[in-house]
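Order of listing sets the numbers, starting from 1, for every ligand and every atom in it. Start at 1 with the first residue, then count along the sequence.
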Amino acid sequence: MDSSVLCTETLRVDGCIKSANKKRKLSRDVESDIESLYKALPRLAKTFRIIDKIGEGTFSSVYLGEARMRDGSRDLFALKHLIPTSHPTRIAAELQCLTVVGGRENVMGVEYCFRKEDHVVIVMPYMEHQAIVDIISSLSFEEVRLYIYHLLKALRHIHQFGIIHRDIKPNNFLYNRKAKTFALVDFGLAQGTADTQLELLKVVRQKPSQPKAGSSTERQDKAPPKPPSTTTASHQSTAHSPPSSSSSPTTSSAVRKALIKKTRSITTTAGASTSRSARHTKDLMGIRKAPRPVFSERNLNSCTLAPSITKQANTSELVKRVKPGDLSNRRSTSARGGPATVRPQKPQRTVHQPLTCTCFHTDRVCNVCLARKQQVAPRAGTPGFRAPEVLTKCPHQGTAIDMWSAGVVLLSLLSGRYPFFKASDDLIALAQIMTIRGSRETVRAAKSFGKAVLCSRQLPRLDLRELCETLRGRRPSPDDEVTPVRQSLDAKAREETPRHAQERGKDGVSETVSPLPKRQDQTPGKKASSGVDSTGLGDERGWDGVPDEAYDLLDQLLDLNPTSRITAAQALQHPLFKDL
Ligand code: ADP
Ligand code: MG
Ligand code: ZN
C-alpha cells in the first residue's frame with residue numbers, strides 16, 4: 001500500500017503532521033496551527049496533507065496542502081482558513097468573487113470550500129510565486145511591463161463585474177517568475193460598484209468603516225462581531241468535497257450553486273449587522289523582510305514639519321478644514337478617529353454654533369475640531385496603496401481606487417523601491433502623495449470630489465522619470481552631484497527642517513522642502529534621455545531605455561482625480577502595451 005496516499009478516511013491527524021514534517025521543518029507554532037485546523041475541520045485531513053503555512057494575517061491563515069487526485073496525480077492547493085469571527089456575508093462575498101470571476105484573466109479561482117461551524121477554509125489551486133520584495137532588485141523593465149499588463153487584465157476583468165478589490169498590492173497579485181503566470185487573490189475586502197453584478201457585493205456595498213483611533217491598520221472593514229447565530233446555524237458542514245473524497249464529484253459550478261443557495265440565507269439577515277473592526281494583516285511575505293520605504297513617517301515628518309510638534313499636530317498642519325466656521329454635528333470631545341482635519345466642504349447641518357475653532361492656521365487641533373463628527377466612508381485597504389479619495393474619506397468610491405493602487409505598484413516597480421509609501425495615518429499618507437504629485441494638484445483634485453485639503457507648504461509635482469531614475473541610482477541627485485538621491489532622500493529629509501526650508505522658499509512657502517528631484521520639463525511622446533547610469537555601463541535589464549510611455553501610464557494611473565484616472569480597459573490600450 002502506498003503510504004503516502006492522502007485521501008483516505010484512515011489518515012489520522014497526527015500521522016498527517018508527522019509525514020509533512022519529514023519534508024519540511026515546521027516551527028512549533030505552525031505545527032500546532034495545522035493540528036488545530038485538522039481538529040476544527042476533520043474532513044480536511046481526509047483529503048489534504050497540510051505541508052506548511054504560507055501566509056498569515058489576523059483574519060486568515062493560508063496553508064499549502066497536497067491532495068491525491070482521482071487519476072493518482074498529486075496536486076497542490078492553497079487552503080485559506082478564515083478566522084472564525086469573520087462575518088458570514090463577508091466570507092460568502094469573498095467566495096462569490098472567486099467563483100464568479102476567478103479561474104481566468106489572472107484571477108485566482110476556487111476549487112472547494114469547507115465549513116464546519118464557524119470555521120471556513122477556501123481551497124484554491126496553489127500557485128508558486130515569488131514575493132516582490134525578494135525580486136524587486138533583479139526585475140527587468142520587460143518583466144515590470146508584463147507584470148503591470150497582467151495586473152491590468154485582472155483589474156479590467158473584475159471591474160467589468162462591478163467588483164472593487166480594495167486591496168491591490170503585490171502581496172495580493174501573485175507572480176510566478178519562471179512560468180510567467182499571475183493571479184489576483186484576496187477578495188476579503190472587495191466591495192461592489194453601484195451596478196455590481198455580484199449579489200453579495202450589493203449587500204456589503206456602501207457600508208463604510210467607522211474611523212478608528214490611531215489607525216495603524218493595514219486593513220479595515222473585515223471582522224465584525226460574531227456572526228448572528230440565526231445565519232450560521234442552518235449551514236451544513238463542508239459545502240463541497242474534493243475529487244478523491246467519497247462524496248459526489250464537485251466542480252466550480254457546483255461550488256457556485258451551493259454557494260448561491262447557501263448565501264441566499266445569509267443575505268437575508270446580514271443587513272442587520274453593520275459594525276466592523278480593524279483588520280491587521282501581516283502577510284508572511286511582508287514580515288519576512290522589512291525593506292525601507294521611500295517614505296516613512298519619520299522622514300516625511302522631519303522633512304515637512306518641525307520635529308517638535310506632535311503627530312496629531314503634524315497632520316493638522318498638513319491637511320485641514322478650510323472653513324473654520326462650519327461646526328456641524330458637534331459631540332463631546334473625543335479624539336476618536338484622530339484630529340478631524342479633513343471634512344466635507346458642505347456642512348452636514350447648519351445649526352447655531354456657540355463655539356469657534358481656534359486652531360485654523362496653527363499647528364494644533366482645537367477641542368472644537370476634535371469634537372467634530374467624522375465623515376464616514378470606506379477606507380479599507382493598505383495605507384500606502386490608498387487612493388486620495390479613500391484617504392480623504394470621500395464617500396463615493398469606485399473602481400478607480402484599484403487603479404490608483406496599481407499606479408503605486410508601478411511606481412514601486414519602476415523606482416525599484418518596495419514599499420514606496422509607508423504610513424500608518426491617512427493624512428501622513430496624503431502628505432506623502434503630495435510630495436510626489438504636488439500639493440496644489442492634490443488640493444485641486446480633492447476639491448473636485450468635495451474635500452477641502454490645506455497644505456501648509458507648497459510641494460511641487462515631481463517628474464516621474466526623474467524620480468524613478470534617481471531612486472534607481474541611474475541619475476545623480478539634483479541636490480547633490482555626488483550622492484544619488486537614493487541616499488540623500490532619507491538623510492536629507494531628516495536634516496531638513498521647516499525653518500531651513502522656509503528660509504530658502506519664497507513668501508514663506510518652501511520649494512525645497514522635499515529632498516526629491518525637482519521637476520524637469522519633458523516633452524510628451526519624446527523618448528527622454530535614457531538616464532545616466534552611475535556605473536557608466538549599459539543595463540542589460542532594460543533600465544537604461546525605459547520608454548516615455550511607461551511614465552505616461554504611471555502618470556495616468558496616479559491621477560489624483562478619480563473621475564479622470566485611467567480605467568483598466570483604457571490602460572490595456574495604452575501604447576506601452578501595443579505589442580502585447
Ligand atoms: P489575507 O486575506 O490574509 O491577506 P490572502 O488571500 O491575501 O490572505 O493570502 C495571503 C497570502 O497567502 C498571499 O499573499 C500569498 O502569499 C498566499 N496565497 C494566497 N492564495 C494563494 C494561492 N492560491 N496560491 C499560493 N499562495 C497563495
Ligand atoms: Mg492578502
Ligand atoms: Zn479647530
Side-chain angles (χ1 to χ4, degrees), residues 51-66 75-83 86 90-91 93-95 97-98 102-103 106-112 120-134 165-176 179 181-190 217-223 279-288 312-313 316-317 320-327 330 333 339-341 343 353 355-372 380-382 385 405 454:
I51 299 170
D52 202 352
K53 187 186 255 190
I54 53 173
E56 183 175 27
T58 307
F59 288 72
S60 86
S61 297
V62 181
Y63 299 88
L64 171 64
E66 186 187 53
D75 269 3
L76 292 175
F77 294 90
L79 281 62
K80 181 169 178 172
H81 179 215
L82 305 171
I83 60 143
S86 301
R90 205 48 270 184
I91 296 170
E94 179 168 359
L95 260 171
C97 289
L98 289 165
N106 301 325
V107 180
M108 180 55 70
V110 63
E111 298 283 340
Y112 320 106
V120 175
V121 167
I122 298 174
V123 181
M124 300 166 271
Y126 173 72
M127 180 173 151
E128 198 185 326
H129 59 281
Q130 288 75 44
I132 283 295
V133 66
D134 291 339
H165 185 280
R166 291 205 74 97
D167 201 15
I168 296 297
K169 58 178 177 177
N171 281 356
N172 289 335
F173 190 59
L174 312 185
Y175 172 40
N176 183 322
T181 50
F182 304 84
L184 181 61
V185 298
D186 197 357
F187 288 85
L189 294 175
T217 55
E218 239 198 26
R219 311 180 72 175
Q220 297 233 344
D221 262 14
K222 196 155 173 181
R279 170 173 179 156
H280 303 258
T281 294
K282 287 186 216 122
D283 291 339
L284 282 188
M285 302 294 188
I287 48 175
R288 201 169 58 231
Q312 184 175 306
S316 72
E317 188 178 351
K320 204 176 349 194
R321 183 186 170 86
V322 168
K323 286 185 190 168
D326 294 340
L327 297 173
R330 277 192 301 116
T333 303
T341 47
R343 292 283 170 181
Q353 299 299 339
L355 295 170
T356 321
C357 162
T358 55
C359 69
F360 186 66
H361 263 188
T362 69
D363 62 0
R364 58 181 62 84
V365 182
C366 71
N367 284 342
V368 174
C369 286
L370 283 175
R372 292 171 200 270
T382 306
F385 294 88
S405 308
L454 186 72

For ligand 1, which atoms have a heavy atom of [X] less than 4.0 angstrom away?
X: Ser60; answer: 1 (P), 2 (O), 3 (O), 8 (O)
X: Ile54; answer: 26 (N)
X: Ala78; answer: 21 (C), 22 (C), 23 (N), 24 (N)
X: Met108; answer: 22 (C), 23 (N)
X: Asn171; answer: 13 (C), 14 (O)

Q) Are any of the side-chain heavy atoms of Pro125 and Glu111 separated by less than 4.5 Å? A)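 Touching, per the 4.5 Å side-chain cut-off.
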
Q.
If you define the side chain from C-beta out and look only at heavy atoms, does anything of Met127 sit under 4.5 Å from Leu76?
A. no

What do you reckon, does [X] put a non-hydrogen atom under 4.0 Å from ligand 1?
X: Glu56; value: no
X: Tyr126; value: yes
X: Pro125; value: yes

Q. Which atom names give the shortest non-hydrogen contact between Ile54 and Tyr63, and what distance separates them?
A.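 Answer, listing the atom of Ile54 first, then Tyr63: CG1-C, 4.0 Å.
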
Q.
Using every non-hydrogen atom in the two residues, find where Val123 and Val110 come nearest and quote the distance to one decimal.
A. O-CG2, 3.4 Å

Q: Measure from atom 18 (N) of ligand 1 to every heavy atom in Leu76, Ile122, Val62 and give the option owning the shortest one.
A: Val62

(Q) Tell me the angle that OD1 of Asn172 and OD2 of Asp186 form around the Mg ion (ligand 2), rounded to 10°. (A)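 An angle of 100° at the metal.
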
Q: Would you kindly specify which portion of Lys80 sits under 4.0 Å from ligand 1, judged on non-hydrogen atoms: side chain, backbone, both or neither?
A: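 For Lys80, the contact with ligand 1 is made by the side chain alone.
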
Q: Tell me which part of Leu174 gets within contact of ligand 1: side chain, backbone, both or neither, using heavy atoms under 4.0 Å.
A: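 For Leu174, the contact with ligand 1 is made by the side chain alone.
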
Q) What do you reckon, does Met124 have a nitrogen or oxygen under 3.5 Å from a nitrogen or oxygen of ligand 1? A)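 Between Met124 and ligand 1, no N or O pair is found under 3.5 Å apart.
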
(Q) Just to confirm my numbers, could you give the angle made at the Zn ion (ligand 3) by SG of Cys366 and SG of Cys369, rounded to 10°? (A) 110°

Q) What does the angle at the Zn ion (ligand 3) come to, between atom SG of Cys357 and atom SG of Cys359, rounded to 10°? A)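 Value, to the nearest 10 degrees: 100°.
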
(Q) Go through it in stages, so that I can follow the logic: the residues are Val107 and Phe187, the test is side-chain contact (heavy atoms from CB on, under 4.5 Å), and I'd like the CA-CA distance, side-chain angles, deciding distance and then a yes or no. (A) CA-CA 10 Å; Val107 180; Phe187 288 85; 3.7 Å; yes

**Q.** Arg90 side, atom CZ; Leu189 side, atom CG - distance, nearest 0.5 Å
**A.**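 It is 6.0 Å, given to the nearest 0.5 Å.
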
Q: Specify whether Phe77 and Tyr112 have parallel, tilted or perpendicular ring planes, treating 30° as the upper limit for parallel and 60° as the lower limit for perpendicular.
A: tilted

